[in-house]
Structure formats: structure tokens, C-alpha cells
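Fair warning: this is a prediction, and the values are worked out from it, not measured in the lab. All ligand and atom numbering here is 1-based and tracks the order in the structure.
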Amino acid sequence: MPSVSLQNVTKIYGQDTVALDDVSFEIDAGEFVVVLGPSGAGKSTLLRILNGLTPPTEGTVEIGGNPVSNAGSEVGMVFQMHYLIESMSAYRNALTGSLGRTNDLRSVLTLNDGDDKREALRALDTVGLLQEAEQRAGSMSGGQKQRVGIARALVQNPALLLADEPVSSLDPKAARDVMSYMKQAARERELTTLASLHQVNIAREFGDRFIGIRDGSVVFDGSRDDLSMEV
Ligand code: ADP
Ligand code: ADP
């Protein structure tokens, strides 16, 4: 059974904005897939559909054999704008991953360490921030913030890690740093990963499989060697 399966997925916003047009592909467990494409191609829409944040207009989406709406905490998400709570420590931000999808801010404020403490510290260790656990997120560098964002997603113990342009606001060195921690986390925890990127050099360095999207359609799906011939 594939880890991710999209069949004939189309997304139309409003009357006629076709963001995805009959997209089908499967991803096996443990694959590290990079989605490439220019702005407006449909990358964010694809990730939001996989995360259950947006319903497709047509088609079916399954994560681990289940319809995406039931996948729940199976999916961890890393965002371009980290969405950390800047006044809280890296540790407490990571711990919020244990809340899963709740949008109830009060549960963030009353969050107990409990059994999740070990998981939060383990996740910070995975992204190389154990020493910085008590540091305020707002005082951290852009790259460190994204690594905390990865830790928060890991605390959910997801089967699928989604990352929407996770390094596009970073300089190339910080971007490589964040991507190598993400790759290492995926390898350690045997996570299926799908990250959208627009920097081809960074994509080439870290991806194992590349899905190219343009105008809502898959125009490329191949390995690094295939990509080298294409670009
Ligand atoms: P990318 O992430 O590759 O930049 P998006 O998925 O954000 O692409 O956008 C694909 C297309 O869908 C674009 O034409 C964009 O303007 C449109 N779009 C995205 N989100 C919405 C929305 N919420 N409402 C209407 N149109 C949208
Ligand atoms: P990205 O390229 O990373 O998707 P965008 O600037 O295209 O970023 O989109 C940012 C937000 O605006 C998203 O939540 C998207 O759904 C929304 N959006 C994008 N295009 C449109 C649109 N044409 N109409 C309404 N909302 C849109």
C-alpha cells in the first residue's frame, strides 16, 4: 500500500481558477519527495489538500490507505512562515505539536508537559536544538525557527511530513542547514516527506524524487538523474 495516493485530483477555486488539473501520483513509505514549480503552479494547493485543509473539487486522496479527512494527526506540516509563538520557548513551541489540529489557544496556554515532554525534547534533539530548548523562539535565527517548526511537526509523530516552501525565506546556507535536518529526521523516523521548494539547486541536493508542477498539472516525475537531463 502506498503511503500517499492521489487519483484524478482537480481543485477549482471559485468559478474558474483551476489550481490543480487531474493530478494523479503515488508515494511509497519513506520516500523524500520534492515538489518543484513556479509561483502559482499549484504547490500550496496540493499540500493543503494532502493536509486536509482544503477539499479537492474532484478526485480521491488517501494517506496510509485512509481518506485524507480521517488522516488527522498522521500528517505533520511545516510552513513557510513558521507560525511559532515567539514569546514561548523552543521547547514549549515543540510541545504544541502534541495538540494536533486543535485551534484552541487556551489549550496552548494550559499545556502540561506530561508524557509529551520526552517527545518534545527528542524532536528538538533531532533538529540539533536540545541546547536551545529554553531559548525564546522570538530570539532565534530564521533557520533555527524553521527547525523548531520541524520539531513541532515531529512531536505529532506523523506518518507523512509536509513542508510548504520551508526554506524560501532563508539565505542559502541556512536553507541547506534546515533541509539537511529535515532529511535526517525523515531518515531516522522513516517518515514519508513531501516538501515544496522553488530553489532548484537545493531541491536537487536533498530530494530523492522530484515532482514538477506547472499550471496545475504534473509535468515531471523522476529521480535526480532524470532531473539533471531536464534542467
Ligand atoms: P503555488 O503554491 O505553486 O504558488 P497555489 O496553489 O498557491 O500555487 O496557487 C495555484 C493557483 O490557485 C493560483 O492561480 C492562485 O492564485 C490560485 N489560488 C490559490 N489559493 C486560492 C484561493 N484560496 N482562492 C482562489 N484562488 C486561489
Ligand atoms: P503561495 O505562492 O505560497 O501559495 P500565495 O501568495 O499564492 O502564496 O497565497 C497566499 C494565500 O493567499 C494562500 O492562503 C492562498 O490560498 C491565498 N490566495 C492565493 N491566490 C488567491 C486568489 N487568487 N484569491 C484568493 N486567495 C488567494
Side-chain angles (χ1 to χ4, degrees), residues 3-27 31-63 67-69 71 75-84 101 103 142-143 145-146 149-150 152-153 158 160-172 174-176 178-179 182-183 186 192-222 224 226-227 230-231:
S3 177
V4 174
S5 169
L6 277 91
Q7 278 174 43
N8 308 108
V9 169
T10 291
K11 177 69 187 185
I12 302 172
Y13 291 108
Q15 293 298 308
D16 53 7
T17 304
V18 182
L20 291 177
D21 184 7
D22 197 19
V23 169
S24 302
F25 60 80
E26 293 188 342
I27 301 176
E31 277 194 282
F32 196 101
V33 180
V34 170
V35 176
L36 284 165
S39 183
K43 304 184 296 297
S44 297
T45 298
L46 174 66
L47 268 72
R48 285 201 298 269
I49 285 174
L50 284 169
N51 195 22
L53 292 171
T54 302
T57 309
E58 279 174 52
T60 56
V61 185
E62 290 184 350
I63 311 283
V68 75
S69 55
V75 183
M77 184 98 172
V78 179
F79 302 92
Q80 177 178 359
M81 305 299 301
H82 51 78
Y83 297 127
L84 300 182
R101 278 161 188 261
N103 286 317
K145 286 176 183 169
Q146 287 304 67
I150 295 169
R152 179 181 54 194
L160 173 66
L161 184 65
L162 297 175
D164 189 3
E165 296 279 358
V167 298
S168 55
S169 63
L170 303 176
D171 65 70
R176 287 203 161 76
V178 168
M179 286 307 297
M182 189 182 300
K183 184 109 197 229
T192 307
T193 308
L194 191 142
S196 68
L197 297 171
H198 63 255
Q199 308 96 315
V200 178
N201 286 338
I202 289 175
R204 193 198 304 272
E205 206 171 309
F206 294 98
D208 296 326
R209 173 180 168 190
F210 304 85
I211 295 178
I213 309 190
R214 188 176 290 267
D215 296 333
S217 296
V218 172
V219 293
F220 179 88
D221 187 348
R224 187 175 293 118
D226 301 329
L227 189 70
E230 185 83 3
V231 177

Enquirer: Would you mind telling me if ligand 1 is within reach of the side chain of H198, the backbone, both or neither, using heavy atoms under 4.0 Å?
Expert: neither
Enquirer: Does T57 reach the main-chain N or O of I12 with its side chain, forming a donor-acceptor pair under 3.5 Å?
Expert: yes
Enquirer: Has the side chain of T54 got a donor or acceptor atom that lies under 3.5 Å from a matching backbone atom of I49?
Expert: no
Enquirer: Closer than 4.0 Å to some heavy atom of T45 - which atoms of ligand 1 meet that?
Expert: 5 (P), 6 (O)
Enquirer: Residue-level breakdown please: for S196 versus ligand 1, do any non-hydrogen atoms fall below 4.0 Å on the side chain, on the backbone, on both, or on neither?
Expert: neither
Enquirer: Consider ligand 1: state whether an atom of it lies below 4.0 angstrom from any non-hydrogen atom of G14.
Expert: no
Enquirer: Need the ligand 1 atom indices (1-based, order shown) with element for anything under 4.0 Å from a heavy-atom of P38.
Expert: 3 (O)
Enquirer: For the CD atom of E205 and the CZ atom of R176, what is their distance to the nearest 0.5 Å?
Expert: 4.5 Å
Enquirer: CG/L50 to OG/S5 distance, rounded to the nearest 0.5 angstrom?
Expert: 10.0 Å
Enquirer: Nearest 0.5 Å please: distance from the CG atom of D164 over to the CG atom of L53.
Expert: 10.0 Å
Enquirer: Can you list the ligand 1 atoms lying under 4.0 Å from a non-hydrogen atom of A19?
Expert: 10 (C), 11 (C), 12 (O)
Enquirer: To the nearest 0.5 angstrom, please state how far the CZ atom of R152 sits from the CE atom of M77.
Expert: 10.5 Å
Enquirer: At less than 4.0 angstrom from any non-hydrogen atom of R48, what atoms of ligand 1 do you find?
Expert: 20 (N)
Enquirer: Would you say that more than 12 heavy atoms from the other residues, nucleotides or ligands in this model lie under 6.0 Å from the CG of D215, or not?
Expert: no
Enquirer: With heavy-atom distances below 4.0 Å as the criterion, list the atoms of ligand 1 near A41.
Expert: 1 (P), 3 (O), 8 (O)
Enquirer: Below 3.5 angstrom, do we get any N/O pair linking G42 and ligand 1?
Expert: yes
Enquirer: Is there a nitrogen or oxygen of T17 sitting under 3.5 Å from a nitrogen or oxygen of ligand 1?
Expert: no
